[in-house]
Amino acid sequence: LPISIFLGVCIIAMIVFSFGPAILLYTLVFQQRYMGLLHLNGLFIILGVGVDDAFVIMDAYGQEKAEAEAEKRRTNFSAIMSPAAHHASKACLCTSLTTFFAFFSNATSNFPSIRTFGLFCACLI
């Protein structure tokens, strides 16, 4: 249980820390100043994406550990996590890229709040 709490706190911290670079990218690169209530939904969106990626990584870790035990290979954390992360990174990249492009497509909207929301969420992803 303590390792689960530690992993949960680390995952939430990484998700929250994505806001700093996203805000910098949104304000400095895209030169947007508008932050409305709709933008606050980005918190829930990035939580969903981040937790989904964490589930994918932990599932890949579990599968790799089961394979290593069946094949009588080493089962220490680094020996298992390296191939698991390599395998999971492809799935995480694919899902994150489709989410990024979905939000970035909102940049063509005629509605300013939708346009800036899409840009902000694309920066978060």
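Note that the coordinates shown come from a computational prediction; the quantities given were computed from them, not determined experimentally.
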Check whether Ser96 reaches the backbone of Leu93 with its side chain - one donor and one acceptor, N or O, closer than 3.5 Å.
no
key: Full working for side chain to side chain contact (heavy atoms under 4.5 Å, CB included) between Met35 and Leu40   = CA-CA 8 Å; Met35 285 290 255; Leu40 295 178; over 6 Å; no
* To do: Report yes or no: does Thr95 contribute a side-chain atom to a donor-acceptor pair with the main-chain N or O of Cys92 at less than 3.5 Å?
  => yes
When every non-hydrogen atom of Ile11 is compared with those of Ala54, the smallest separation belongs to CD1-CB, 3.4 Å
So salt bridge (Lys or Arg N to Asp or Glu O under 4.0 Å) across residues 40-69, not counting sequence neighbours, yields Glu64-Arg73
By side chain to side chain donor-acceptor pair (under 3.5 Å), Thr116 pairs with (sequence neighbours left out) His39
For residues 71-93, the ring pair (Phe, Tyr, Trp, His ring centres under 6.0 Å) pairs (sequence neighbours left out) are Tyr61-Phe77
Between the CG atom in Asn41 and the SG atom in Cys121, the distance rounded to the nearest 0.5 Å is 7.5 Å
Interatomic distance, CG@Leu124 vs CG@Leu43, rounded to 0.5 Å, equals 8.5 Å
Separation between CG (Leu38) and OG (Ser113), nearest 0.5 Å, reads 6.0 Å
What one should report as the nearest heavy-atom pair of Ile80 and Ala68 is CD1-CB, 3.5 Å
* Asked: Near Leu28 CG, under 6.0 Å, is it more than 12 heavy atoms from other residues, nucleotides or ligands?
  -> yes
| said: Starting from Leu47, can I reach Ile23 by hopping between I/L/V/M/F/W/Y residues whose side chains sit under 4.5 Å apart? | reply: yes
For the pair Phe120 and Tyr26, name the ring-plane relationship: parallel under 30°, tilted 30 to 60°, perpendicular over 60°. perpendicular
Residues passing the side-chain contact (heavy atoms from CB on, under 4.5 Å) test with Ala79, sequence neighbours excluded, are Arg74, Asn76
The ring pair (Phe, Tyr, Trp, His ring centres under 6.0 Å) partners of Phe100 (sequence neighbours excluded) come to Phe104
Check for me, please, whether Ile57 and Ile12 land in the same ILVMFWY cluster - side-chain distances under 4.5 Å, paths through other members count. no
Distance col, row Leu119:CG vs Ile114:CD1, nearest 0.5 angstrom, shows 11.5 Å
Next item on the list: Consider only side-chain heavy atoms of I, L, V, M, F, W and Y, link residues closer than 4.5 Å, and tell whether Phe103 and Val29 are in one cluster.
Entry: yes
One should read off an interatomic distance between Thr27 OG1 and Arg33 CZ, to the nearest 0.5 angstrom, of 6.0 Å
Contacts satisfying side chain to side chain donor-acceptor pair (under 3.5 Å) that involve residues 13-22 (not counting sequence neighbours) are none
Of all heavy-atom pairs linking Ala88 and Ala60, the shortest is CB-CB, 3.9 Å
* side chain to side chain contact (heavy atoms under 4.5 Å, CB included) between Phe117 and Ile45, worked out -> CA-CA 12 Å; Phe117 171 70; Ile45 291 167; 3.7 Å; yes
Practice task
Say whether Leu7 and Val16 are linked into one hydrophobic cluster, either directly or through other cluster members, by side-chain heavy-atom distances under 4.5 angstrom.
Solution key: no
request  = Evaluate whether atom CZ of Phe30 has more than 12 neighbouring non-hydrogen atoms of other residues, nucleotides or ligands under 6.0 angstrom away.
outcome  = yes
Margin query: Quick check: do Ile46 and Phe19 have side-chain heavy atoms less than 4.5 Å from each other?
Written below: yes
Check your understanding: Counting only N and O atoms by type, is there a donor-acceptor contact under 3.5 Å from the side chain of Arg115 to the main-chain atoms of Asn106?
Key -> no
